[in-house]
There are 2 protein chains.
Amino acid sequence: MTSPTPARRSRRTDALSADAIIDAAIAVLDAEGEEALTFRALSAALETGPGAIYHHLASKQEILVAAAQRLVVDVLAEVPSDLDAENGIREVMLAFFDLFGAHPWVGTQLSREPWQAALLEMFEVIGSHLDALGVEERYQFTAASSLLNFVLGVAGQHASATRLARDLDRSAFLRDIADGWKDEATAASHPFSRQMADQLTQHDDRQQYIDGIDFILAGITAVAVDSPASNRAIESPS
Amino acid sequence: MTSPTPARRSRRTDALSADAIIDAAIAVLDAEGEEALTFRALSAALETGPGAIYHHLASKQEILVAAAQRLVVDVLAEVPSDLDAENGIREVMLAFFDLFGAHPWVGTQLSREPWQAALLEMFEVIGSHLDALGVEERYQFTAASSLLNFVLGVAGQHASATRLARDLDRSAFLRDIADGWKDEATAASHPFSRQMADQLTQHDDRQQYIDGIDFILAGITAVAVDSPASNRAIESPS
DNA sequence: ACCTGAACACCGTTCAAGT
DNA sequence: ACCTGAACACCGTTCAAGT
C-alpha cells in the first residue's frame with residue numbers, strides 16, 4: 001500500500017511546492033475519503049515531515065480551499081462554451097453535480113468557509129450564464145445565489161451520504177432509511193414522508209437534481225427575465 | 001466563568017439523562033460556538049465525567065443529531081397552523097431561516113449526516129405544505145427535496161459565515177470579500193462577480209432568502225401544480 | 001530559505017474501578 | 001445500573017535544530 005519502490009528510498013528530488021501538496025491532498029481525499037487527510041498521511045505521501053507543508057500553505061483549511069478550487073476550475077474548463085444560454089447553464093450545473101459524484105469531499109469543503117475560492121468560480125459562471133439568459137440585472141445576484149445555494153445543499157447531502165455509506169451500497173442504505181419512514185410510530189406523525197418512502201428508494205439522484213434546477217430556472221425565468229407583464233413579482237432589492 | 005457557587009460543590013442531584021445532556025449541549029453551542037462543544041466542556045457543565053455521557057448517547061454525532069432535531073421540532077411547533085397553503089410554506093421556510101440565525105451551528109450539523117432526524121422533520125412539513133398547495137403527487141418528492149436542498153445550502157453558508165466572523169462584524173466581513181472581488185486580477189477574470197460586489201455588501205440575507213424561495217415556488221407552481229396546459233414540462237420520475 | 005520531526009496542547013472514546 | 005476519570009490513540013500546529 002505504501003512505498004512502491006522501497007529500495008530507492010531517496011529524498012524527494014523535486015522541491016516541495018503548494019501545487020504538489022494540493023495534488024497529493026486530492027489524491028488522498030479521493031482514494032481514502034475526508035478523514036484520511038491528515039498532515040501525517042500527507043507528509044508521508046510527499047516524503048517529508050508535517051512541518052514542511054506549513055512553509056507553503058498556512059493550514060489544513062487552506063489546503064482544502066485550494067484543492068476544491070483546483071477541481072472546480074478544472075471541471076469548468078471542460079464544459080463546452082459554444083452552447084446557448086439555456087443549455088449552457090444546465091451543462092454547468094450538471095458539471096458541478098458530476099464533480100461531487102467523483103469527489104464527494106468537495107461537498108463538505110464548500111460549506112466550511114463562506115465565499116471561498118471555489119464558490120467564487122461557481123458564482124461567476126452561474127451568474128454570467130444568467131446574464132446571457134436575459135435575467136434583469138437587479139435579480140442577478142439573488143438568482144445566482146439561489147442556484148448556488150441549491151447546489152451547495154445537494155453537495156453537502158451527497159458528501160455526507162458518501163461518508164456514511166462508504167461500505168454499504170447505496171440502495172441498501174436508502175432502503176434502511178425508507179424502512180425507518182415506514183416504522184409505525186414515525187409514519188403516524190410523518191404521513192408525507194411515509195407516502196414518499198418508496199420514491200426515496202427508487203429515485204435517481206441526478207434526475208432529481210436536474211428537476212430541481214428546472215424548477216428554479218422556471219421560477220427565475222417567470223419572475224426575473226424581462227417580459228411585458230409578469231404577474232408574480234418579488235420585491236426588487238435596494 | 002465556571003463554578004457559580006463553589007461553596008456548595010455538590011454532586012448532581014437529578015439523574016443524568018439524554019434530555020439533560022442535549023439541553024446542556026445546546027447551551028454550550030449557542031453560547032460559545034461549534035468548536036466549544038467537547039466532551040470535557042460538556043461533562044464539566046453537567047458536573048460529571050466524560051464517560052458518563054456515553055451511558056446515554058453513543059457519540060458526539062448522536063448528541064448533535066438530537067440537538068438539531070430538538071430545535072427543529074420546537075421551532076415548527078411555534079409556526080401558526082391556521083395559514084393557507086401559500087402563506088404556510090413561506091412561514092415554515094422563514095422559521096428555518098430564523099432558526100439558523102439564532103443557532104448557526106445547526107447549519108453545519110444538518111450537512112453532517114444524511115437524512116438525519118432534523119431533516120425528516122423539515123422534509124415532512126415542507127412536503128405536506130406542497131401537497132396542500134396542489135403540487136401533483138409525482139412531483140412532490142422532487143419539489144420538497146428542492147426546497148430542502150436550498151435551505152440546507154443557505155444554512156451551511158450561514159453557519160460558516162458565523163464561524164468565521166464571530167468577532168468581525170458582518171458588514172466589515174462582507175466588505176473584505178467585496179474588495180477581493182474588486183481586486184484587479186480577480187475582476188478581470190470574474191466580471192460578473194465584479195459587477196455584483198456592491199450588491200454583496202448591501203444585500204439583506206433574509207430578503208434574498210425570501211426571494212430565492214419565491215423563485216423556487218414560482219417554478220414549482222408553474223411546472224407541478226395541476227393546470228390544464230403547462231408549457232414547461234419536466235420528466236416525471238418512474 | 002527550506003526542511004525535519006519531536007513535542008505541545010488538545011481531541012473523542014474506552015475501560016477498569018468504584019458506588 | 002450508573003458513574004468516574006485516568007489512559008489511549010489519535011489530531012493540527014509549533015519550533016528548535018539542522019542543511
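Naming: A, B, ... by sequence-line order, numbering from 1 per chain. Quick caveat, the model's predicted, so the values are computed rather than measured.
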In whole Å, what is the span from the CG atom of B:L57 to the P atom of D:dC2? 13 Å
About how many Å separate CG of B:L64 and CG of B:L37, when rounded to the nearest 0.5 Å? 6.0 Å
Closest non-hydrogen atom pair, B:A178 against B:A197: CB-O, 3.6 Å
Close aromatic pair by centroid cut-off 6.0 Å: B:F100 and B:W105: no
So if I define the base as every atom that isn't primed, P, OP1 or OP2, how would nucleotides 7-19 of chain C read as a B/S/- string at a heavy-atom cutoff under 4.0 Å? B---BBBBB----
How many angstroms lie between CZ in A:F192 and NE2 in B:H129, if you round to the nearest 0.5 Å? 12.0 Å
Proximity of A:F215 and B:F215 rings by center, below 6.0 Å: no
Dot-bracket pairing map - DNA chain D, Watson-Crick plus G-U, both contacts under 3.5 Å, | cross-strand: ||.|||||...|||||.||
State yes or no: are the ring centers of B:F150 and B:F96 separated by less than 6.0 Å? no
CE-CG distance between A:M122 and A:L99, expressed to the nearest 0.5 angstrom: 7.5 Å
Once rounded to the nearest 0.5 Å, what's the spacing between atom OG of B:S145 and atom CE of A:M196? 9.5 Å
Short side-chain N/O contact to D:dC2 OP1/OP2 from B:H56, under 4.0 Å: no
